[in-house]
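Chain identifiers are assigned alphabetically (A, B, ...) following the order of the sequence lines, protein sequences preceding nucleic acid strands; residue numbering begins at 1 within each chain. The basis for the numbers below is simple: all heavy atoms, side chains too, and nothing from hydrogens, waters or symmetry mates.
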Amino acid sequence: MSKEFATRAENYSEWYNHIVTKADLAEHAAVKGCMVIKPYGYSIWEKMQQALDQMFKDTGHENAYFPLLIPKSFFSKEASHVEGFAKECAVVTHYRLKNGPDGTVIVDEEAKLAEELIIRPTSETIIWNTYKGWIQSYRDLPLLINQWANVVRWEMRTRLFLRTAEFLWQEGHTAHATSQEAIEETERMLGVYADFAENWMAVPVIKGKKTANERFAGALDTYCIEAMMQDGKALQAGTSHFLGQNFAKAFDVKFTSKEGKQDYVWATSWGVSTRLMGALVMAHSDDQGLVLPPKLAPFQVVIVPIYKTEEDLLKINAKVEEIRKSLISKGIRVKYDNRDTQRPGWKFAEYEFKGVPLRIAIGPKDMENGTVEVARRDTREKEVLQMVDLDNKIEHLLSQIQDNLFQKALSFRDQNIRRVDTYDEFKKTLNENPGFILAHWDGTAETEQKIKEETKATIRCIPLQAEERDVKPGICIYSGKPSERRVLFSLAY
RNA sequence: CGGGGUGUAGCGUAGCCCGGUUAGCGCGCCAGCAUGGGGUGCUGGAGGUCGGAGGUUCGAAUCCUCUCACCCCGACCA
């Protein structure tokens with residue numbers, strides 16, 4: 001393990017890169033901008049998927065799968081949608097290779113596709129093209145579908161998990177009979193994301209609505225959850241879009257209502273991606289490495305034996321087997337590492353770096369005293385516990401760690417949300433105390449754009465839940481014009 | 001995609017400006033012995049042709065050209 005490990009204060013982005021690569025979450029692939037998600041990292045992603053998938057099912061959704069390749073013509077059907085994605089699409093133009101003159105493989109120019117195919121940057125078009133055949137009557141509605149998939153967006157500047165050319169995500173695509181119902185769905189799924197972020201990832205989020213500038217291409221409204229990273233920057237952790245009838249019109253998806261009238265259906269789409277992995281790392285980890293919330297940790301407890309003789313080890317093995325069984329019966333994920341090839345201290349450091357929430361060490365002294373040493377990753381505290389009732393104690397500790405991580409992140413965030421009333425103050429705050437800023441804005445795209453150009457800060461969202469004092473009228477920090485309420489500004493990932 | 005930087009063994013690096021012995025070091029790896037409650041010590045050993053291609057030269061990690069990847073800044077974006 002690297003001992004020349006950058007701290008957050010020294011170099012935040014280097015620190016992030018080191019955690020991701022050295023904790024075995026992911027590494028760069030041979031393809032530019034793409035990553036290999038390694039087993040340890042993928043295991044965390046699987047935990048996320050499982051939790052989210054259950055939440056989607058619990059809210060009535062079903063999974064399906066749509067193609068990776070989308071006919072180019074589909075993209076031109078919704079004007080703002082094309083515009084939003086045109087610059088970052090990978091295009092498939094041929095379907096065959098052949099041997100070149102010098103023995104290399106070349107594209108067979110004769111095998112040109114009649115219509116080029118786009119590797120999906122998102123699936124609205126292919127899905128709505130399909131929905132046309134599925135929806136005729138109000139009885140077919142609502143249609144509540146989710147898909148787990150990969151998408152490709154040809155990014156100019158990439159970072160592991162935060163922005164890669166290919167990433168994994170889920171995209172929900174629903175169709176409804178009324179606008180009202182679709183808006184409710186949009187809000188419901190935003191709620192699911194917030195719930196997941198806070199209760200599984202232990203990352204507090206602010207729910208809000210995007211301004212027109214930041215809205216998804218093709219949406220009437222985009223809702224989001226915004227999380228604060230330890231450097232004070234915002235990370236959009238999930239989005240939920242109310243698409244109105246834009247895609248229904250573009251793909252001619254109509255239904256007959258109870259009253260026998262024809263109308264276009266109302267749509268939503270919503271998604272979270274492997275970017276959540278980046279959020280997870282940047283929300284909790286410290287200068288000793290990764291810190292994982294118990295609910296998403298591939299293993300929640302690691303047990304390390306300490307012994308001199310083979311005889312000691314055998315005794316410990318037997319004892320640990322009891323402990324392991326009792327923990328497993330509580331649904332706790334346990335790893336027992338009794339490899340003789342690494343020493344205890346090495347293992348301690350290793351599992352700390354990988355963010356395992358709890359470590360149990362058990363040696364001859366413990367065997368004599370009926371105790372174990374338990375170390376928490378979040379606080380780095382150690383205590384000696386009686387083995388009696390250990391499973392309950394561990395279960396309790398894990399839930400404490402989960403809570404503690406959330407509380408820590410929450411108080412960090414709240415300490416770094418500031419209200420400012422002048423542009424000078426705004427710039428000064430961005431400079432000296434990076435974090436979220438609640439400030440008045442006149443509601444125009446021009447002002448938003450100007451502020452962005454001059455300070456790099458953007459309006460992350462118009463919070464859905466705000467304190468009384470933040471929804472009172474005021475004066476725009478930039479233009480001096482009247483403002484209805486404060487909105488949330490920040491530098492962002 | 002524009003500007004700047006980096007690329008030497010699995011990782012971290014020295015050497016490069018001022019071309020010239022088998023490219024050095026630390027960690028890790030392998031073997032043995034000792035050790036064993038926070039990255040164990042000693043001894044011995046293996047591993048790199050210097051991101052890739054081309055060029056200059058008697059000779060290139062070192063100079064030149066092109067290219068690829070990564071990092072930082074900018075534009076764009078989840």
Side-chain angles (χ1 to χ4, degrees), chain A residues 1-6 11-18 21-22 24 27-35 83-89 121-122 151-171 193 210 213-217 222 224-227 234-241 269-279 288-289 304-310 312-313 316 338 340-353 359-369 371-375 380 382 384 452-453 456 458 460 492-493:
Chain A
M1 201 53 57
S2 168
K3 278 158 194 165
E4 310 81 16
F5 180 62
N11 188 335
Y12 193 81
S13 62
E14 195 181 335
W15 165 83
Y16 173 80
N17 288 336
H18 276 164
T21 52
K22 308 294 181 191
D24 278 335
E27 64 185 36
H28 288 283
V31 185
K32 184 189 174 81
C34 293
M35 65 178 165
E83 218 178 293
F85 287 104
K87 295 143 293 183
E88 50 187 38
C89 285
T122 178
V151 288
V152 168
R153 297 181 188 175
W154 213 261
E155 297 292 346
M156 292 296 110
R157 197 173 162 187
T158 59
R159 300 199 56 192
L160 293 172
F161 288 120
L162 298 173
R163 174 163 294 109
T164 46
E166 179 189 9
F167 57 93
L168 305 183
W169 78 345
Q170 60 66 217
E171 44 181 327
Y193 288 155
K210 288 291 189 191
N213 274 349
E214 301 278 326
R215 200 179 282 154
F216 173 72
T222 287
C224 61
I225 52 173
E226 297 285 332
L235 187 141
Q236 178 177 305
T239 50
S240 184
H241 314 290
S269 70
W270 28 274
V272 296
S273 70
T274 35
R275 187 176 223 212
L276 290 178
M277 295 287 293
Q288 275 70 44
V304 176
I306 291 154
Y307 59 93
K308 282 187 191 166
T309 65
E310 191 66 18
D312 286 343
L313 178 60
I316 293 171
N338 64 350
D340 192 36
T341 50
Q342 315 292 352
R343 298 167 47 102
W346 189 93
K347 293 176 188 173
F348 291 178
E350 172 77 3
Y351 292 116
E352 255 165 40
F353 196 84
R359 177 185 75 235
I360 297 177
I362 176 165
K365 284 182 219 160
D366 296 302
M367 293 296 284
E368 254 173 58
N369 304 331
T371 58
V372 293
E373 182 196 78
V374 177
R380 311 192 78 226
K382 287 195 282 199
V384 174
K452 182 179 177 180
E453 282 166 18
K456 309 279 168 238
T458 49
R460 299 321 302 154
Y493 278 96

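Between A/S269 and A/H241, the side chains place no donor N or O within less than 3.5 Å of an acceptor N or O (distance only, hydrogens not considered).
Counting to the nearest Å, the P atom of B/G39 and the CZ atom of A/R380 are 13 Å from each other. Atom C1' of nucleotide B/C72 and atom CZ of A/R163 are separated by 15 Å, given to the nearest angstrom. Per the geometry, CD1 belonging to A/I360 stands 17 Å off C1' belonging to B/G38, to the nearest Å. Spacing between atom CZ of A/R460 and atom P of B/C77 amounts to 11 Å, rounded to whole angstrom units.
Residue-to-nucleotide contacts include no donor-acceptor pair under 3.5 Å from the side chain of A/R343 to the base of B/G41. Taking 3.5 Å as the limit, the base of B/G36 and the side chain of A/D340 contain a donor-acceptor pair of atoms between them. Taking only distance into account, the side chain of A/Q342 never meets the base of B/G39 through a donor-acceptor pair shorter than 3.5 Å.
Nucleotide B/G74 has B/C1 as its partner under the Watson-Crick or G-U criteria, with both atom distances under 3.5 Å. Across all strands shown, B/U6 forms a Watson-Crick or G-U wobble pair with B/A69, both key distances being under 3.5 Å. The partner of B/G26 is B/C11, by the rule that a Watson-Crick or G-U pair needs both atom distances under 3.5 Å. Using N1 to N3 plus N6-O4 or O6-N4 for Watson-Crick, or N1-O2 and O6-N3 for G-U wobble, each under 3.5 Å, B/C63 pairs with B/G55. B/G41 is paired with B/C33 under the criterion used here, namely a Watson-Crick or G-U wobble arrangement in which both key atom distances are under 3.5 Å. Partner assigned to B/C16 is none, using Watson-Crick or G-U wobble distances below 3.5 angstrom.
A salt bridge links A/E226 to A/K210: at least one charged side-chain nitrogen sits closer than 4.0 Å to a carboxylate oxygen. Ion pairing between A/R153 and A/E166 fails under the 4.0 Å rule for side-chain N and carboxylate O.
Only the P atoms considered, B/G26 is 25 Å distant from B/G52, to the nearest whole Å. For B/U13 and B/G7, the C1' atoms lie 12 Å apart once the distance is rounded to whole Å. Comparing B/G28 with B/G12, their C1' atoms sit 11 Å apart, to the nearest whole Å. Spacing of P atoms, B/G39 relative to B/G44, comes out at 24 Å, to the nearest Å. For the P atom pair drawn from B/A23 and B/A60, the interatomic distance equals 13 Å after rounding to whole Å.
Residue-level contact check: A/G33 touches the backbone only, with heavy atoms under 4.0 Å from sugar-phosphate atoms and none from bases.
For A/M156 and A/M367, each mapped to the nucleotide of RNA chain B holding its nearest heavy atom, the one lying further toward the 5' end belongs to A/M156.
The shortest side-chain heavy-atom distance between A/E88 and A/E155 falls under the 4.5 Å cut-off.
Judged by the 6.0 Å distance and 45° axis criteria, A/R163 is not positioned over the aromatic ring of A/Y493.
Between A/K32 and B/C70 there is a side-chain N or O to OP1 or OP2 distance below 4.0 Å. Distances shown here put a side-chain N or O of A/K456 below 4.0 Å from the OP1 or OP2 atom of B/A75. For A/S13, a side-chain nitrogen or oxygen approaches OP1 or OP2 of B/C72 to under 4.0 Å.
Side-chain atoms of A/H28 lie closest to B/C70 of the nucleotides B/C70, B/G39, B/C77.
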